[in-house]
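Letters A, B, ... are given to chains in the order of the sequence lines, protein chains preceding strands, and every chain is numbered from 1.
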Protein chains: 2
Amino acid sequence: MTSTRTSERRASTRHAGLERHEIIDAALAIVTAEGGAALTMRRLAADLGVTTTTIYWHVGNREQLVVAIVERFAEEQSAIPVIGRTPRRRVLHAAMNLWRSARGHRNLTALASAAGATTLLELPLEAALAAELGAAGVHGERARDVVQAVLACIAGFLISEWRPAEQRPEALRPSELWSRVDDPRIDPSTLRALASPADHERLVESTLRAIIDAAVPETHRGTP
Amino acid sequence: MTSTRTSERRASTRHAGLERHEIIDAALAIVTAEGGAALTMRRLAADLGVTTTTIYWHVGNREQLVVAIVERFAEEQSAIPVIGRTPRRRVLHAAMNLWRSARGHRNLTALASAAGATTLLELPLEAALAAELGAAGVHGERARDVVQAVLACIAGFLISEWRPAEQRPEALRPSELWSRVDDPRIDPSTLRALASPADHERLVESTLRAIIDAAVPETHRGTP
DNA sequence: ACCTGAACACCGTTCAAGT
DNA sequence: ACCTGAACACCGTTCAAGT
């Protein structure tokens with residue numbers, strides 16, 4: 001799977017004829033399949049059947065490559081429709097779309113986050129959220145604050161999934177750590193709960209709902 | 001500042017006499033001063049006037065070193081008192097203590113987060129939060145959910161500060177990206193706000209308050 | 001314009017050898 | 001038991017040189 005392009009193209013032309021977008025595509029494939037750590041300049045070059053320096057000629061350096069990957073992926077992403085009968089529900093749905101999207105392509109989200117390119121990645125969905133907030137009567141800085149709070153929560157829940165407890169050293173697992181806590185102020189049932197994992201999906205939704213409900217008036221216009 | 005310990009100790013004993021806790025201390029110093037990326041085995045060894053392999057003999061590998069650093073820091077952290085007159089306010093205060101703590105030693109928090117060791121780092125403050133939730137009448141899984149939501153939000157807000165807009169390539173700055181958006185669904189005042197940074201400190205507090213208010217009953221016992 | 005080969009300055013980690 | 005020296009298999013990046 002590595003060098004068909006080399007043998008085919010190299011035979012016919014003096015140059016490899018490699019184009020920038022082919023590099024981005026190959027890089028994107030590596031990231032989605034194996035994560036950002038697998039994206040090394042040498043590995044990418046090998047996949048394309050060229051020398052590492054060729055990559056540099058086309059894309060500059062790794063940081064620029066990452067930005068290009070995120071950009072390309074963002075272009076190809078299709079809009080997710082927002083549903084819901086009340087403005088509030090639509091806002092929540094738009095927020096959950098962001099969560100589902102980020103979670104759907106975690107490897108890319110992780111890479112974008114490390115590069116500080118999350119906004120670039122999710123701009124259309126963020127815009128959709130802002131639009132729904134407007135429809136619900138929330139504008140300006142208040143709308144911005146909701147968007148940012150939603151984004152922070154999503155990012156936070158995501159990173160708590162990046163290193164699932166199972167693949168951590170035993171001493172770092174919350175279950176281990178909490179089971180050792182002997183604090184008279186804390187109810188035994190609470191300690192037990194803290195030692196066991198939460199239903200993430202549900203928790204994300206209820207957290208986003210709390211944030212939204214606090215900022216979005218219950219009814220705007222229409223349904224009394 | 002590098003090799004006083006070498007010249008002093010090496011002269012007197014055959015062995016360097018290096019102890020594990022000295023390594024951890026030196027590593028912790030590097031991380032707090034210069035961040036996790038600056039913590040390389042060679043750099044650490046050089047700071048201690050010793051060979052890289054010596055570090056491995058004492059601490060195993062880098063991952064174990066990081067865990068040891070976090071552990072040591074957690075030990076030394078003093079408890080932060082919780083204040084507030086109502087249970088709800090005390091819960092919020094306990095949550096804000098977590099935020100302030102994490103923000104106060106960002107380099108260590110970032111390192112711990114990458115290693116999946118956040119719980120290890122902040123266990124006492126998490127326990128304090130759980131205790132206040134108990135005092136407010138929230139127990140078991142509901143308390144666990146609040147703790148986790150608070151932690152996720154804090155983590156999310158923190159990483160949005162790790163790469164401040166100023167040190168990103170221009171094309172990645174939210175101000176740049178939002179200023180290009182021309183979406184008729186979105187109010188101009190909202191677009192302007194989205195292009196400018198939020199007051200993080202205020203936003204974190206109001207977000208945590210929203211989460212807590214949604215989960216903690218307004219009055220428990222006492223003040224009617 | 002496009003690509004190669006060799007090199008530089010880094011990483012984490014291991015292993016045989018010394019005292 | 002504690003430490004060194006040399007080596008391995010990686011990184012990102014640059015630069016002179018080729019066609």
Side-chain angles (χ1 to χ4, degrees), chain A residues 2-27 30-31 34-69 110-111 114-116 169, chain B residues 2-27 30-31 34-69 110-111 114-116 169:
Chain A
T2 279
S3 48
T4 47
R5 75 164 305 288
T6 316
S7 33
E8 284 171 24
R9 302 223 182 170
R10 277 280 192 65
S12 55
T13 67
R14 196 171 63 229
H15 299 324
L18 185 62
E19 292 190 26
R20 206 184 122 94
H21 75 88
E22 300 184 66
I23 298 180
I24 314 297
D25 283 346
I30 293 175
V31 171
E34 300 170 48
L39 180 69
T40 72
M41 304 304 264
R42 286 168 221 264
R43 157 72 189 280
L44 177 58
D47 278 10
L48 290 164
V50 295
T51 309
T52 312
T53 27
T54 303
I55 309 291
Y56 282 88
W57 194 89
H58 280 283
V59 301
N61 58 27
R62 192 178 185 276
E63 196 175 345
Q64 292 170 276
L65 172 63
V66 168
V67 172
I69 294 171
L111 188 68
Chain B
T2 280
S3 49
T4 45
R5 72 166 305 289
T6 317
S7 34
E8 284 173 23
R9 302 221 183 168
R10 279 278 194 64
S12 55
T13 67
R14 196 170 62 229
H15 300 325
L18 185 61
E19 292 190 26
R20 207 184 122 92
H21 74 88
E22 300 183 66
I23 297 180
I24 314 297
D25 284 347
I30 293 175
V31 171
E34 300 170 49
L39 180 69
T40 73
M41 304 305 264
R42 285 168 222 263
R43 157 72 190 279
L44 177 58
D47 278 11
L48 290 163
V50 99
T51 309
T52 312
T53 29
T54 303
I55 309 291
Y56 282 88
W57 195 89
H58 281 282
V59 301
N61 58 27
R62 191 178 186 277
E63 197 175 347
Q64 292 170 275
L65 172 63
V66 168
V67 173
I69 294 171
L111 188 68

Please state how far atom CZ in Arg42(B) lies from atom P in dT14(C), giving the value in whole angstrom units. 13 Å
Could you check whether Thr40(A) gets within reach of a base, just the sugar-phosphate, or nothing at all, counting any heavy atom under 4.0 Å? sugar-phosphate
Round to the nearest Å and state the distance from Arg62(B) atom CZ to dC11(C) atom C1'. 10 Å
Where does DNA chain D pair, written as one dot-bracket string 5' to 3', with Watson-Crick or G-U pairs under 3.5 Å, ( ) inside the strand, [ ] for crossing pairs and | for another strand? ||.|||||...|||||.||
Within the 4.5 Å heavy-atom criterion, are Leu65(B) and Leu39(B) side-chain neighbours or not? yes
Taking only side-chain nitrogens and oxygens of Thr53(B), does any of them come within less than 4.0 Å of OP1 or OP2 of dT13(C)? no
For Leu48(A) and dC2(C), give me the distance from atom CG to atom C1', rounded to whole Å. 15 Å
Do the side chain of Thr40(A) and the main chain of Arg43(A) share a donor and acceptor less than 3.5 angstrom apart? yes
Assign Leu65(B) to base, sugar-phosphate, or nothing according to its heavy-atom contacts below 4.0 angstrom with the strands shown. nothing
Rounding to a whole Å, what distance do you find between Ile55(A):CD1 and dT4(C):C1'? 13 Å
Does atom CD of Gln64(B) have more than 12 heavy-atom neighbours from other groups under 6.0 Å away? yes
Report yes if a side-chain nitrogen or oxygen of Thr51(A) is closer than 4.0 Å to either non-bridging phosphate oxygen (OP1 or OP2) of dT4(C); otherwise report no. yes
Less than 4.0 angstrom between a side-chain N/O of His58(A) and OP1 or OP2 of dA1(C), yes or no? no
Taking CE from Met41(B) and C1' from dA7(D), how many angstroms apart are they, rounded to a whole number? 17 Å
When you measure from the side chain of Glu22(B) to the backbone N and O of Glu19(B), does any donor-acceptor pair fall under 3.5 Å? yes
Integer-rounded Å distance: dA1(D) P and Arg20(B) CZ: 17 Å
Do Thr53(A) and Trp57(A) have side chains that get closer than 4.5 Å, going by heavy atoms? no
Taking all non-hydrogen atoms of both residues, which atom of Ile23(A) and which atom of His58(A) are closest, and how far apart? CD1-CB, 3.4 Å
Atom CD of Gln64(B) and atom C1' of dG12(C): how far apart are they, to the nearest Å? 13 Å
How long is the line joining CG of Leu44(B) and P of dT13(C), in whole Å? 13 Å
Pick the nucleotide of DNA chain C nearest each of Asn61(B) and Trp57(A); which residue has the one closer to the 5' end? Trp57(A)
Categorize Leu39(A) for me: base, sugar-phosphate, or nothing, with a 4.0 angstrom heavy-atom threshold over every strand shown. sugar-phosphate
Side chain proximity check, Leu48(A) to Thr54(A), heavy atoms < 4.5 angstrom: no
